[in-house]
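Let me begin by presenting the structure, written as structure tokens, before commenting on it.
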Amino acid sequence: MTTMKNKTLLLVSVLIALMAGISSWGGLFVDGLYRDNELVVSAWQGNDIVTLFVVVPMLLVSLFYSLRGAKKGRLFWMGSLWYMVYNYMFYLFGAAFNVFFLLYAALFVFSIYALVSALFQTDVQEWSRSYSEKLPYKTVSVFMLLFAALLGGMWIALSLSFVFTGQVHESITQTGHPTAVVFAVDLTLLIPSMIVGGVLLWRKNRWGPVVGSVVLVKATAYGLALIIMTAVSYRNTAVIDPFIPLWVALTLGCSIALVLLMRNIKR
């Protein structure tokens, strides 16, 4: 299917954009909304900047082009939905309870519904005819698998260090949160999606370019969010994320891999 015929899905997508806009606007301009420590509040606000000014517009614009049958528009639309799922899992489970809690829950649930529905409506057999023979399956696959191994390996190593030393890593203690929310979300959502996309591309499966593109749209947008979060946190607290060189490198890699896929998918 190259056009979106499900009116419910269309309305849900617009609702997601509206709710995400309200959530991000509130985070930036409503004093006292966030009840976390200063470092975490700075991270939320850096994230809100990217969500409000980059991802919400990207969701709406790509939705428009998807309605017109543009395959690349559909991929960016689904990638934006995947961003929303991943992003609001952090707010739902990682933010100190605040007045937007139910909004975070709604965003998380509606985004899952929209993304799963969109994937089920994607006719990959028809889509496969739009893939160029020059599509770099293996190149993008290797990058995605290396991304998963590097980031997943780092979070696993830091988690295992507690097992052997009993010391909680400072990246966790600085948040004031009792558990490693970042580790949890990445290891259950981001890393598995990178692995699935990478494996599908390596096998030249018809789903490979679709899943790979969706994952890379989200990873590029959230990589930008991490960079902005770091800048806002440094401005407000003078604390700089020691992982920032890694975030920059991975974001650049994701953007290049995404371009390689998109330039070899017609329309």
Side-chain angles (χ1 to χ4, degrees), residues 2-4 6 9-28 44-91 103-104 106-108 110-119 121-122 127 140 144 189-190 193-194 197 209-229 231-232 247-248 250-267:
T2 57
T3 59
M4 225 177 343
N6 189 326
L9 187 53
L10 168 61
L11 292 174
V12 169
S13 296
V14 173
L15 180 60
I16 290 167
L18 177 62
M19 291 191 297
I22 293 171
S23 170
S24 301
W25 182 89
L28 291 170
W44 293 138
Q45 291 178 335
N47 182 284
D48 288 334
I49 290 171
V50 174
T51 301
L52 181 60
F53 296 109
V54 178
V55 181
V56 169
M58 180 170 68
L59 173 58
L60 292 173
V61 171
S62 60
L63 175 61
F64 171 77
Y65 281 103
S66 180
L67 286 167
R68 300 184 64 179
K71 291 181 172 60
K72 293 178 183 179
R74 188 176 182 86
L75 292 171
F76 272 93
W77 168 58
M78 291 192 290
S80 300
L81 292 173
W82 182 225
Y83 173 98
M84 294 297 185
V85 173
Y86 177 86
N87 188 52
Y88 285 101
M89 189 173 181
F90 278 114
Y91 285 78
L103 186 60
Y104 303 149
L107 276 161
F108 182 65
F110 284 136
S111 297
I112 291 176
Y113 164 78
L115 178 59
V116 172
S117 298
L119 288 170
Q121 290 185 10
T122 302
W127 273 58
V140 179
M144 294 181 73
L189 289 184
L190 175 58
S193 69
M194 279 285 179
V210 174
V211 174
S213 296
V214 170
V215 172
L216 289 169
V217 167
K218 173 265 154 195
T220 301
Y222 205 84
L224 176 61
L226 285 170
I227 294 168
I228 301 300
M229 283 183 218
V232 175
W247 305 150
V248 172
L250 290 179
T251 302
L252 181 60
C254 286
S255 63
I256 293 172
L258 179 61
V259 169
L260 289 175
L261 287 181
M262 288 293 173
R263 67 188 298 183
N264 286 286
I265 297 175
K266 300 173 185 177
R267 286 201 60 186

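In this chain, numbering begins with 1 at the start of the sequence shown. Computed from a predicted structure; not experimentally measured.
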**Asked** Under the side chain to side chain contact (heavy atoms under 4.5 Å, CB included) criterion, do Leu103 and Phe108 qualify, and how do the steps go?
**Response** CA-CA 9 Å; Leu103 186 60; Phe108 182 65; over 6 Å; no

**Request:** List for me each residue that meets side-chain hydrogen bond (donor to acceptor under 3.5 Å, both in side chains) alongside Asp48, sequence neighbours excluded, and say none if there are none.
**Result:** Tyr34, Tyr91

To the nearest 0.5 angstrom, please state how far the [atom1] atom of [X] sits from the [atom2] atom of [Y].
X: Ser117; Y: Ile112; atom1: OG; atom2: CD1; answer: 11.0 Å
X: Met144; Y: Met194; atom1: CE; atom2: CE; answer: 5.0 Å
X: Cys254; Y: Leu224; atom1: SG; atom2: CG; answer: 12.0 Å
X: Asn264; Y: Leu260; atom1: CG; atom2: CG; answer: 7.5 Å
X: Ser62; Y: Leu67; atom1: OG; atom2: CG; answer: 9.5 Å
X: Trp25; Y: Leu52; atom1: CH2; atom2: CG; answer: 10.5 Å

**Message:** With a 3.5 Å distance limit and no angle check, can you tell me whether Ser24 reaches the backbone of Gly21 through a side-chain donor-acceptor pair?
**Reply:** no

Is there a side-chain contact between [X] and [Y] in this structure, where contact means two heavy atoms from C-beta onward sitting under 4.5 Å apart?
X: Leu81; Y: Tyr113; value: no
X: Trp44; Y: Met229; value: no
X: Ser111; Y: Trp82; value: no
X: Leu226; Y: Thr251; value: no
X: Tyr83; Y: Val54; value: no
X: Gln121; Y: Leu9; value: yes
X: Trp127; Y: Lys71; value: yes
X: Ser13; Y: Met84; value: no

**Request:** Test Ile227 against Val248 for side chain to side chain contact (heavy atoms under 4.5 Å, CB included), laying out the working first.
**Result:** CA-CA 7 Å; Ile227 294 168; Val248 172; 4.0 Å; yes

Please report the shortest heavy-atom distance between [X] and [Y], naming the atom on each side.
X: Gly27; Y: Gln45; result: O-NE2, 3.4 Å
X: Ala225; Y: Val50; result: CA-CG2, 3.5 Å
X: Pro209; Y: Ile265; result: CB-CD1, 4.2 Å
X: Ile228; Y: Gly46; result: CG2-O, 3.6 Å

**Prompt:** Would Val210 and Arg74 count as a side chain to side chain contact (heavy atoms under 4.5 Å, CB included) if you check the C-alpha gap in whole Å, the side-chain angles of each, and the deciding distance to 0.1 Å?
**Reply:** CA-CA 10 Å; Val210 174; Arg74 188 176 182 86; over 6 Å; no

**Asked** Near Phe110 CZ, under 6.0 Å, is it more than 12 heavy atoms from other residues, nucleotides or ligands?
**Response** no

**Message:** If you apply the rule side chain to side chain contact (heavy atoms under 4.5 Å, CB included), what do you find for Met89 with Tyr104, and how did you get there?
**Reply:** CA-CA 8 Å; Met89 189 173 181; Tyr104 303 149; over 6 Å; no

**Item:** Residues in side-chain contact (heavy atoms from CB on, under 4.5 Å) contact with Val14, at least two apart in sequence or another chain
**Value:** Leu10, Leu63

**Item:** Sequence neighbours excluded, every pair satisfying side-chain hydrogen bond (donor to acceptor under 3.5 Å, both in side chains) that has a member inside residues 211-227
**Value:** Asn47-Tyr222

**Asked** Checking side chain to side chain contact (heavy atoms under 4.5 Å, CB included) against Ile16, which of Leu107, Leu11, Val56 comes through?
**Response** Leu107

